[in-house]
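Have a look at the structure that comes next, please.
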Amino acid sequence: MIPTIQASPEETYDIELEQSLLQANAKLAAENRAQLDHHGVTAIDFMGAIGSGKTTLITRLVEKFKDQLNLAVFNGDATTVDDVNLIASQGVPTVQLATVNGCHLDANLVGKALLKTDLKKVDLILIENIGNLICPAEFPLGSRARVVVVSVTEGPYMVKKHPHMFLGADLVVINKTDLAEVMGVKVADLARDAHTLKPDLKVVPTSCKTGAGLDEVAAALLAVTKSGVHA
Ligand code: MG
Ligand code: ZN
């Protein structure tokens, strides 16, 4: 018998603080969304662990979109400027969101980034969240859709061990499929775990190396973007 210590609710002494924090964030997220909708701008945020390939996926999407849409990219990163520099080198307006907590973006920071963005000149904002599969799920940002990126290199249990993240997703990208065989991870098993949590979830296997699946991801995000454009 393996001893287990189960935390009781009484032990979470900051629970009231957390509740008001989440409520405040939800209110700011709604304000961000109202501001985006007012300008006919769509925001889509990308969540996933460090190393899942969020930045590389965004660079591929920027390549696909930049001739047809006016883009901006916000990069959440508490420690380096590598990601934002890479995106900026593609000639897209970018904002670095350096969080203090280091573990999730919040609607307050995204609101500040919106103030630095000329919303009249933007159609689509891609937001890279902090590399973390836990708390970003609890902090909506005001985006129209949330994408979760999970890669086969993270092993076979990433989906089932992060249910909140996948329950809150509108699209799941299973990335680095070119490495699935060598990792001994079955893409179909990760997709099945996602569908067990949320049967109607759209799941797209991708490889940014071979380009597989990227057109399908782009089409899905374009459909979300078009749905947000004013008639
Ligand atoms: Mg990154
Ligand atoms: Zn966090």
Side-chain angles (χ1 to χ4, degrees), residues 7 12-29 32 43-65 71-113 124-143 145-154 158 161-169 171-176 179 206-209 214 217 221:
T12 315
Y13 53 83
D14 60 352
I15 193 149
E16 280 182 27
L17 181 65
E18 186 178 312
Q19 282 304 332
S20 62
L21 184 70
L22 293 179
Q23 278 167 14
N25 182 78
K27 184 168 174 284
L28 290 171
N32 288 347
I44 295 172
D45 76 305
F46 293 74
M47 306 181 289
I50 291 173
S52 58
K54 298 182 295 301
T55 311
T56 303
L57 176 64
I58 289 171
T59 64
R60 298 292 186 273
L61 292 169
V62 166
E63 284 165 18
K64 287 185 185 297
F65 289 148
L71 296 173
V73 178
F74 300 167
N75 288 95
D77 195 329
T79 46
T80 75
V81 292
D82 298 345
D83 294 0
V84 79
N85 285 345
L86 183 64
I87 303 292
S89 74
Q90 294 182 287
V92 173
T94 53
V95 180
Q96 162 99 346
L97 296 171
T99 63
V100 175
N101 62 54
C103 60
H104 62 266
L105 291 184
D106 60 46
N108 175 51
L109 277 176
V110 169
K112 287 182 175 173
L124 175 62
I125 302 174
L126 304 177
I127 304 172
E128 178 178 354
N129 216 308
I130 301 289
N132 177 358
L133 272 177
I134 310 282
C135 43
E138 294 202 84
F139 289 84
L141 306 176
S143 58
R146 309 199 89 180
V147 180
V148 176
V149 183
V150 59
S151 91
V152 299
T153 55
E154 298 166 64
M158 288 302 273
K161 286 191 185 268
H162 299 94
H164 294 299
M165 192 60 92
F166 291 89
L167 286 168
L171 171 66
V172 170
V173 172
I174 300 176
N175 200 18
K176 307 193 187 184
L179 296 172
T206 61
S207 165
C208 291
K209 205 166 199 172
L214 295 179
V217 173
L221 300 187

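Ligands are counted one by one from 1 in listed order, and the atoms in each one are counted from 1 as well. Quick caveat: nothing in here was measured; it's all calculated off a predicted structure.
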Is any side-chain heavy atom of Phe65 closer than 4.5 Å to a side-chain heavy atom of Leu221?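 Result yes, sub-4.5 Å side-chain heavy-atom pair found.
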Using 2.8 Å as a strict upper limit, say whether an N, O or S atom of Thr55 approaches the Mg ion (ligand 1) that closely.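 Checking Thr55: at least one N, O or S atom is under 2.8 Å.
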Do Leu105 and Leu141 have side chains that get closer than 4.5 Å, going by heavy atoms? yes
Please work out the angle at the Mg ion (ligand 1) defined by atom OE2 of Glu128 on one side and atom OD2 of Asp83 on the other, rounded to 10°.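 The angle at the Mg ion (ligand 1) comes to 100°, rounded to the nearest 10°.
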Heavy-atom check, side chain of Asn75 versus side chain of Leu97, under 4.5 Å: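 In short, these two side chains do not touch, never coming nearer than 4.5 Å.
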side-chain contact (heavy atoms from CB on, under 4.5 Å) between Ile134 and Cys103: does it pass, once the steps are laid out? CA-CA 8 Å; Ile134 310 282; Cys103 60; over 6 Å; no
Of the backbone and side-chain N, O or S atoms of Asp77, does one lie nearer to the Mg ion (ligand 1) than 2.8 Å?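 Coordinating: no.
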In degrees, rounded to 10 degrees, what angle do Cys135 atom SG and His104 atom ND1 make at the Zn ion (ligand 2)?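 With the Zn ion (ligand 2) as the vertex, SG (Cys135) and ND1 (His104) sit 120° apart.
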